[in-house]
Amino acid sequence: MEPILAKCGYRCDLCLAFETNLKGEQDKKRLSKALARYFDCRVRPEEIGPCKGCQAATEAPDKDCQVYPCVLKKGLQNCGQCSQFGCDKLKTRMDVVEKCLARHSDVSNKDYRLFFRPYLSRAALTQIHLSRGG
């Protein structure tokens with residue numbers, strides 16, 4: 001599968017909540033527990049639904065996301081294409097995941113792959129930005 005990047009660079013195609021990955025109640029429970037454990041975010045399993053990703057969405061899947069409306073307003077696919085790449089909105093979004101990972105140095109390889117790798121966007125966005133002459 002070709003990588004599907006969110007506007008902030010998250011890898012939708014790797015996210016457990018992405019519509020093609022969310023297989024049932026067990027996945028919802030697993031994701032709910034991981035969000036609480038690693039990100040101190042409480043989302044009940046029944047509140048987790050299949051996500052189409054923000055590239056296909058008509059509104060931000062994450063209501064607290066400051067990146068989505070900004071990128072949408074600028075008519076870009078993602079932050080890597082922005083002349084203001086690395087702005088505070090994006091930095092805040094990237095830093096949250098990186099700080100959570102740093103607090104959980106004991107995370108298993110499986111949990112890293114499922115619950116951190118999809119949201120570590122700095123390298124992918126930097127590569128996109130640099131390829132555009134940024």
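Quick note: numbers below take in every heavy atom, side chains included, and nothing from hydrogens, waters or symmetry partners. Computed from a predicted model, the values in this text were never measured in an experiment. Residue numbers count from 1 along this sequence.
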Are Asp111 and Lys33 ion-paired here, with the side-chain N under 4.0 Å from a carboxylate O? no
Say whether, by atom type as modelled, one donor and one acceptor occur between the side chain of Arg132 and the main chain of Gly80 under 3.5 angstrom. no
Salt bridge between Asp95 and Arg122, side-chain N to carboxylate O under 4.0 Å? yes
Counting only heavy atoms not in Lys63, do more than 12 fall under 6.0 Å of its NZ? yes
Should Phe85 and Ile128 be marked as a side-chain contact (heavy atoms from CB on, under 4.5 Å) after you check the CA-CA gap, both sets of side-chain angles, and the distance that decides it? CA-CA 10 Å; Phe85 174 71; Ile128 290 167; over 6 Å; no
Same hydrophobic cluster for Leu120 and Leu16, using side-chain heavy-atom links shorter than 4.5 Å among ILVMFWY? yes
Any side-chain heavy atom of Asn78 sitting closer than 4.5 Å to one from Cys8? no
Consider only side-chain heavy atoms of I, L, V, M, F, W and Y, link residues closer than 4.5 Å, and tell whether Val107 and Tyr10 are in one cluster. yes
Work out which heavy atom in Gly49 is nearest to a heavy atom in Leu22; give both atom names and the distance. C-CD2, 3.6 Å
Does any non-hydrogen side-chain atom of Asp62 lie less than 4.5 Å from one of Tyr68? no
Ignoring hydrogens and angles, tell me if any N or O in the side chain of Ser105 forms a donor-acceptor pair with the backbone of Ala102 under 3.5 Å. no
Before we go on, tell me: are the rings of Tyr112 and Tyr38 under 6.0 Å apart, centre to centre? no
Is any side-chain heavy atom of Arg93 closer than 4.5 Å to one of Cys65? yes
For Gln55 and Lys7: C-alpha separation, side-chain torsions, deciding distance, then whether side-chain hydrogen bond (donor to acceptor under 3.5 Å, both in side chains) applies. CA-CA 7 Å; Gln55 296 294 359; Lys7 295 186 183 308; 3.0 Å; yes
Do you know the tightest heavy-atom contact between Leu90 and Cys79? CD2-CB, 3.6 Å
Do Phe115 and Val96 land in one hydrophobic cluster if side-chain heavy atoms of ILVMFWY residues count as linked below 4.5 Å? no
Answer yes if Leu114 and Leu31 sit in the same cluster of Ile, Leu, Val, Met, Phe, Trp and Tyr residues linked by side chain heavy atoms under 4.5 Å apart, and no otherwise. yes
All heavy atoms of Leu5 vs all of Cys12, minimum pair found to be C-SG, 4.4 Å
Is the shortest side-chain heavy-atom distance between Asn21 and Asp27 below 4.5 Å? no
How are the rings of Phe39 and Tyr119 set to each other: parallel, tilted or perpendicular (split at 30° and 60°)? perpendicular
Output for pair (Ile4 CD1, Glu2 CD), nearest 0.5 Å, gives 9.0 Å
Checking the side chain of Glu47 only, and the main-chain atoms of Arg44 only, is there a donor and an acceptor separated by less than 3.5 Å? yes
Counting only N and O atoms by type, is there a donor-acceptor contact under 3.5 Å from the side chain of Lys89 to the main-chain atoms of Gly86? no
Compute whether any side-chain donor of one residue and acceptor of the other, for Lys74 and Gln81, lie under 3.5 angstrom apart. no
Does Lys28 come within less than 4.0 Å of Glu46, counting only side-chain N to carboxylate O? no
What pair of heavy atoms forms the shortest contact from Ser32 to Ile48, and how long is it? N-CD1, 3.8 Å
